[in-house]
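For the single chain, residues carry numbers from 1 onward in sequence order. As a basis for the values below, the full set of heavy atoms in this structure was taken, side chains included, without hydrogen atoms, waters or symmetry mates.
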Amino acid sequence: QLQLVESGGGLVQPGGSLRLSCTASGFTFDYRIGWFRQAPGKEREGVSCISSSGGNIKYADSVKGRFTISRDNAKNTVYLQMNSLKPEDTAIYYCAATKNPFYMPCSGRTYSDSTSSWGQGTQVTVSS
């Protein structure tokens with residue numbers, strides 16, 4: 001299993017931008033990677049998922065047009081560029097990896113099997 005470490009979170013004003021990074025301890029080229037978030041009192045939400053090659057991507061409707069996921073397999077890193085941030089984007093953001101096929105939903109359940117790993121999370125706060 002991979003070990004994942006998220007970074008890049010912080011406090012930003014509404015309309016601002018942040019770029020989150022998810023760096024893996026090992027090779028990620030055969031893993032599908034997802035970004036998830038959980039706000040206080042709310043269920044975990046799948047934000048975006050990217051296939052092992054980077055050629056297929058899914059986004060939650062709530063972030064389409066504002067967030068961009070990308071990966072650099074040479075650096076074992078996946079990024080989440082977040083623009084036009086809103087207060088409702090405030091949450092702890094987690095990255096996760098799995099070898100489950102990409103046709104499966106971008107959901108925590110897909111990333112809960114024996115091939116999956118999760119990072120410790122990074123806080124994103126959008127507030128004026």
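Across all non-hydrogen atoms, the minimal contact from I92 to G121 is CG2-CA, 3.9 Å. Across all non-hydrogen atoms, the minimal contact from K58 to F102 is NZ-O, 2.9 Å. In plain terms, the two heavy atoms of R44 and F36 that are nearest each other are CG-CB, 4.1 Å. Contact record, G34 with C49: CA-SG, 3.8 Å, taken as the closest heavy-atom pair. Across all non-hydrogen atoms, the minimal contact from S48 to C106 is C-SG, 3.5 Å. Closest non-hydrogen pair, L20 versus T122, comes out as CD2-CG2, 4.1 Å.
The same ILVMFWY cluster, assembled from side-chain heavy atoms under 4.5 Å apart, contains both I57 and Y31. Connection of L85 to I69 is established within a shared hydrophobic cluster, with ILVMFWY side chains joined at heavy-atom distances below 4.5 Å, either directly or through further cluster members. Under the 4.5 Å side-chain contact rule for hydrophobic residues, V78 and V63 share a cluster. Clustering ILVMFWY residues whenever any of their side-chain heavy atoms sit less than 4.5 angstrom apart, transitively, puts L18 in the very cluster that holds I33.
Annotation: side chain of R32 is in contact with side chain of T110 (closest heavy-atom distance under 4.5 Å). By the 4.5 Å heavy-atom criterion applied to side chains, Y94 and L4 are not counted as neighbours. Annotation: side chain of E45 is in contact with side chain of S62 (closest heavy-atom distance under 4.5 Å). Here the side chains of I50 and W35 are not in contact, with every heavy-atom distance at 4.5 Å or above. Side-chain contact between M82 and R66 is absent, with no heavy-atom pair separated by less than 4.5 Å. At a threshold of 4.5 Å between non-hydrogen side-chain atoms, the residues S17 and Q81 count as touching.
The distance from atom OG of S53 to atom CG of D30, rounded to the nearest 0.5 Å, is 12.0 Å. The OH atom of Y103 sits 14.5 Å away from the OG atom of S51 when rounded to the nearest 0.5 Å. Rounding to the nearest 0.5 Å places OG of S70 at 7.0 Å from CZ of R19. Atom CG in L80 sits 10.0 Å away from atom SG in C95 (nearest 0.5 Å).
Taking the six-membered ring where the residue is Trp, F67 and Y93 present tilted rings, their angle falling between 30° and 60°.
Heavy-atom contacts from other residues, nucleotides or ligands closer than 6.0 Å to CD of Q123 number more than 12.
Here the side chain of R71 pairs no donor or acceptor atom with the backbone of G54 at under 3.5 angstrom. With hydrogens and angles disregarded, a donor-acceptor distance shorter than 3.5 Å links the side chain of W118 to the backbone of Y111. Formation of a donor-acceptor pair under 3.5 Å by the T115 side chain with backbone atoms of K99 is found in this model. Checking side-chain atoms of E6 against main-chain N and O of Q120 turns up a donor-acceptor pair under 3.5 Å. A donor-acceptor pair under 3.5 Å links the side-chain atoms of N73 to the main chain of S52, judged by distance alone.
Taking the charged nitrogens against the carboxylate oxygens, K86 and D89 have no contact shorter than 4.0 Å, which rules out a salt bridge.
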